[in-house]
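We're numbering straight along the sequence, starting at 1. Predicted model, so just to flag it, every value in this text is computed and none were measured.
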Amino acid sequence: MLGARILRSTVLLVTLTGSLALAACSDVDDAMFGPGGSSDASAFPTDQGDQADQAGAPAAAPQAPMGQAAMPGTLPAPAGGGASYGGGLTTPITPVSIEPGSDTGTAVGHQVAQLRGQVAGLNDQISSNAQQLSSLLDTAAQSSTAYHDSKSRIMSKLQMGTTRGNPELVGEWNTAQAALDQLTGNINALNALGTAITNESSQAHFALNTIMATFNVSGAVDEDHRQLSVLEDETNQTIILVDRLLKEVSDNIQRQTAYVANERANLTTLADSIKNGELYGGDSGLPMGPSNGPISGTFGTPIAGTPLVVVKFDRPDVQYQQILYTALAQALQSRPSASFEVVAATPTRGTAAAVQLSQTQANRHAQQVMRSMTDMGVPSTRLAVASATDPSISNPEVRVYIR
């Protein structure tokens, strides 16, 4: 009977291999104009290759010096001087020191030794994952710095004024885009790391349940139960570590995904600014400064029947892009799924030939405004064009309505 009970207890020593999926964060390229919007990822030619794949191979992270004191709230360092992995982590991860234990010669003692090996293996995996996370955060910081360096040089040059399609700025734009691609690859690596840590969390909880069940197995001596109690405490500490590490990964995925999506929208705006040689707007979607020429047009509260923007083409080379971008940004901030109607307004004064000429000019200007809107990132599926006459005006106008 004793042998049968021991045999039944060993069934608990099944190794957990199941894994839980960490929710993946996707479509980081959806920016200011939502799904279907243009991220302008190919606005300029680039030969930098697929930077995202390279970001998945992080460099080795530096280890903390041996014997370094743990920060308040962390577990004490192992007696053997285990490394504490900090890097960009909110709280350093210090592996749990597992007591070796001794062989009691009982079947329960053999089971305790197997459980101890599982928990020690989990701590080794936690140490490796903490080191990988620290390395990924270091890589993300380097990519972010490179991105902002290129972006600041672009904005500084545009603010001072430059030529249209300046090739130096095109090169800086490609460098900034490559840095964002590296951050996207970093997010993918974080997702894979989170899945592995989730699996380790399940293994740790399973090991704890097995330890609790082993207390009820017959044939143990007092030393077996003492070692089980120590191992139970060590496993609880291991669960705390793995849960803390999983939270670090999840928080960084969310933070980096939002950051990349926002900067994709900023790159879209910068691409159009470089093409035209002037700065349209900043990170907030608001104008950073005056355009290089006079602005023609007005915009107000986008209510039914009231134009969002009116561009009056009463002189050559009308500079309307700045006010158009600002109006679109404000409208989409309040209504992200909004569509727009571009109306070519024609005066009715003069001869029939003059009216026909004005109508042709108005239609041409409407197509010009629509191209500017698509360059700014508005999907063509959200744009419609129409024409109308207005006896109260003397020059062709283009009116943009929000629908």
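Residue D224 comes nearest to V112 through the heavy atom pair O-CG2, 4.3 Å, listed as atom of the first residue, atom of the second, then distance. Across all their heavy atoms, G277 and L158 have their closest contact at C-CD2, 4.0 Å. The shortest non-hydrogen separation linking R164 to N276 is CG-O, 3.5 Å. For the pair Q111 and T214, the tightest heavy-atom approach, listed with the atom from each and the gap, is NE2-OG1, 2.9 Å. In terms of heavy-atom proximity, Q361 sits nearest to P396 at OE1-CG, 3.8 Å. In this structure, V170 and G165 approach most closely via the heavy-atom pair CG2-O, 4.2 Å.
Taking a cutoff of 4.0 Å between a charged side-chain nitrogen and a carboxylate oxygen, K247 and D251 qualify as a salt bridge. The pair D272-R371 does not count as a salt bridge, with every side-chain nitrogen at least 4.0 angstrom from each carboxylate oxygen. R226 and E99 are joined by a salt bridge, as a carboxylate oxygen and a charged side-chain nitrogen come within less than 4.0 angstrom of each other.
Under the 3.5 Å distance criterion, the side-chain polar atoms of S156 are left unmatched by any main-chain donor or acceptor of S152. Remark: the backbone N or O of D124 is not paired with any side-chain donor or acceptor of S128 at under 3.5 angstrom. A donor-acceptor pair under 3.5 Å is formed between the side chain of S273 and the backbone N or O of T269. At distances below 3.5 Å, not a single donor-acceptor pair connects side-chain atoms of N199 with backbone N or O atoms of T195. For N186 (side chain) and L136 (main-chain N/O), a donor-acceptor pair under 3.5 Å exists by modelled atom type. Judged purely by atom type and a 3.5 angstrom limit, T210 uses its side chain to pair as donor or acceptor with the backbone of F206. Although no hydrogens or angles enter the test, the distance criterion places a donor-acceptor pair under 3.5 Å between the side chain of N363 and the main chain of Q359. S334 places a side-chain N or O within 3.5 Å of a backbone atom of A331 that can act as its donor or acceptor partner. Under the 3.5 Å distance criterion, the side-chain polar atoms of R335 are matched with a main-chain donor or acceptor of R403. In this structure, the side chain of N123 engages the main chain of V96 through a donor-acceptor pair within 3.5 Å.
Rounding to the nearest 0.5 angstrom, the gap separating the CD atom in Q256 from the OG1 atom in T184 is 9.5 Å. Expressed to the nearest 0.5 Å, how far CG of L245 lies from CD1 of I126 amounts to 7.5 Å. Note that the OG1 atom of T162 and the CD atom of E168 stand 7.5 Å from one another [nearest 0.5 Å]. Atom CG of residue L169 and atom CD1 of residue I274 lie 5.0 Å apart, to the nearest 0.5 angstrom. Summarising the geometry, atom CG belonging to L241 is positioned 11.5 Å from atom CD belonging to E200; distances are rounded to the nearest 0.5 Å. The distance from the OG1 atom of T257 to the CD1 atom of I187 is 4.0 Å, given to the nearest 0.5 Å.
In this structure S337 satisfies the side-chain hydrogen bond (donor to acceptor under 3.5 Å, both in side chains) test with no other residue, sequence neighbours excluded. With sequence neighbours excluded, no residue satisfies salt bridge (charged side-chain N to carboxylate O under 4.0 Å, His left out) with E234.
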Taking it one step at a time, do Q132 and N129 satisfy side-chain contact (heavy atoms from CB on, under 4.5 Å)?
-> CA-CA 5 Å; Q132 183 181 356; N129 289 336; 4.2 Å; yes

Criterion side-chain contact (heavy atoms from CB on, under 4.5 Å) on R382 and L332, from CA distance to verdict = CA-CA 12 Å; R382 298 197 195 181; L332 288 165; 4.0 Å; yes

Give the intermediate values and the outcome of side-chain contact (heavy atoms from CB on, under 4.5 Å) for residues E172 and K151.
-> CA-CA 7 Å; E172 291 287 0; K151 178 183 172 184; over 6 Å; no

Carefully, step by step, assess H110 and L115 under the rule side-chain contact (heavy atoms from CB on, under 4.5 Å).
-> CA-CA 9 Å; H110 180 67; L115 289 170; over 6 Å; no

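With contacts defined as side-chain heavy-atom distances shorter than 4.5 Å, the pair Y325/S372 does not qualify. Residues S394 and R349 meet the side-chain proximity criterion, which asks for heavy atoms closer than 4.5 Å. The shortest side-chain heavy-atom distance between L267 and L180 falls under the 4.5 Å cut-off. Side-chain atoms of M373 and F340, non-hydrogen and from C-beta on, do get closer than 4.5 Å to each other. Side-chain contact check for Y259 versus R264: every heavy-atom pair is 4.5 Å or farther apart. L228 places none of its side-chain heavy atoms less than 4.5 Å from the side chain of E223. Within the 4.5 Å cutoff, the side chain of Q203 has no heavy atoms near those of the Q118 side chain. A 4.5 Å side-chain heavy-atom check between T235 and L231 finds at least one atom pair inside the cut-off.
With a 6.0 Å radius and a threshold of 12 heavy atoms from other residues, nucleotides or ligands, Q367 has its CD atom above the threshold.
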